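Data block below; observations after.
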Amino acid sequence: PSIDEWTGHGLIERKLQRLLHIEHVKIVPGDSDANDAVKNLLAKEAANEFTERIGDGEIVAVTGGTSVAAIPHYMHSFERAAHLHFIAARGGVGNDIGLQANVIAASFAHACGGTYSTFYYPESLSGEAHEVFKKEPTAQKMIDLYEKTDCVIHGIGDAQRMAEMRNTPSEETEKLQQDGAKGEAFGYYFDENGKIVHRIRTVGIQTEQLKKVPLIIAVAGGKAKADAIAAYMASAPEQTLLVTDEGAALEIIRKL
Ligand code: F6P
């Protein structure tokens with residue numbers, strides 16, 4: 001056993017793995033809500049896990065958000081990195097350009113020497129427009145890549161906070177609340193049992209495709225995200241590796 005297994009973190013990690021029914025949990029010290037530097041620890045840990053575990057995988061889909069955006073700062077070039085191709089896990093366009101999945105995919109590629117492709121897809125299209133756009137060759141190319149994705153690196157957010165950040169219309173926000181939405185990832189909103197209660201209309205990796213992805217790294221910390229993380233993990237694929245901090249981990253254990 002590693003030193004970590006003998007220390008408190010090893011024990012808490014195993015406890016959380018059992019509670020969340022996932023195969024791997026990594027916990028960094030501190031609480032990212034209280035201390036910004038902890039976000040960097042999360043990012044560093046995620047970068048290490050990715051480098052160690054990617055093996056001969058090639059297609060890596062990443063999401064937006066501050067947690068994933070910090071990871072490329074800790075990535076370095078490694079032997080197989082030239083074979084890696086980074087893509088956005090979904091095509092939505094957010095408000096903060098620096099935190100968009102497309103931009104983050106490019107920073108991963110720059111950091112480790114891989115390649116990337118960008119994919120822009122308008123959000124909040126009508127159902128009819130979405131059906132038409134989805135048939136565009138650029139969208140089809142992404143849908144094909146999602147079928148072949150080897151690794152997904154994603155953030156998890158609090159459902160209400162994400163709805164606010166996305167300027168979701170008030171009826172929709174109320175609906176989310178009524179439906180008990182707690183966590184959000186990939187544009188899907190989950191209730192406390194992991195049931196999808198809402199999804200943003202866009203082209204992106206589907207939950208069915210996610211199940212087949214061999215390496216899934218979720219990066220989310222901070223006590224305030226405890227419910228969101230637990231909600232998402234209630235139906236997450238069991239091969240998921242959660243990189244979190246003590247703040248979130250202890251709060252999840254206290255509540256579950
Ligand atoms: O908007 C992209 C996204 O990955 C969401 O799916 C997720 O809820 C959020 O960002 C996490 O953001 P942060 O890491 O900044 O809390």
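Here, residue 1 is the first one in the sequence, and each next residue gets the next number. Nothing here was measured: the structure is a model prediction, and the numbers come from that model. Just follow the structure's listing: the first ligand is 1, and inside any ligand the first atom is 1.
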Report summary line: Close residues (non-hydrogen atom under 4.0 angstrom from ligand 1) work out to T63, G64, G65, T66, S67, I156, G157, M162, R166, E184, A185, F186, K225
Report summary line: So side chain to side chain donor-acceptor pair (under 3.5 Å) across residues 56-75, not counting sequence neighbours, yields K39-T66
Query - salt bridge (Lys or Arg N to Asp or Glu O under 4.0 Å) contacts in which one or both residues fall within residues 136-153, not counting sequence neighbours - result: E147-K212
**Report entry** Within residues 223-233 or reaching into it, pairs that qualify as side chain to side chain donor-acceptor pair (under 3.5 Å) - sequence neighbours excluded
**Finding:** D227-K255
Report task. Using the six-membered ring wherever Trp is involved, compare the ring planes of F190 and Y188 and label them parallel, tilted or perpendicular (cut-offs 30° and 60°). Result -> tilted
Query - Donor-acceptor contact present, side-chain N35 to main-chain A37, <3.5 Å - result: yes
Report summary line: side chain to side chain contact (heavy atoms under 4.5 Å, CB included) with Y189: of M162, K175, Q160, K195, only one passes, and it is M162
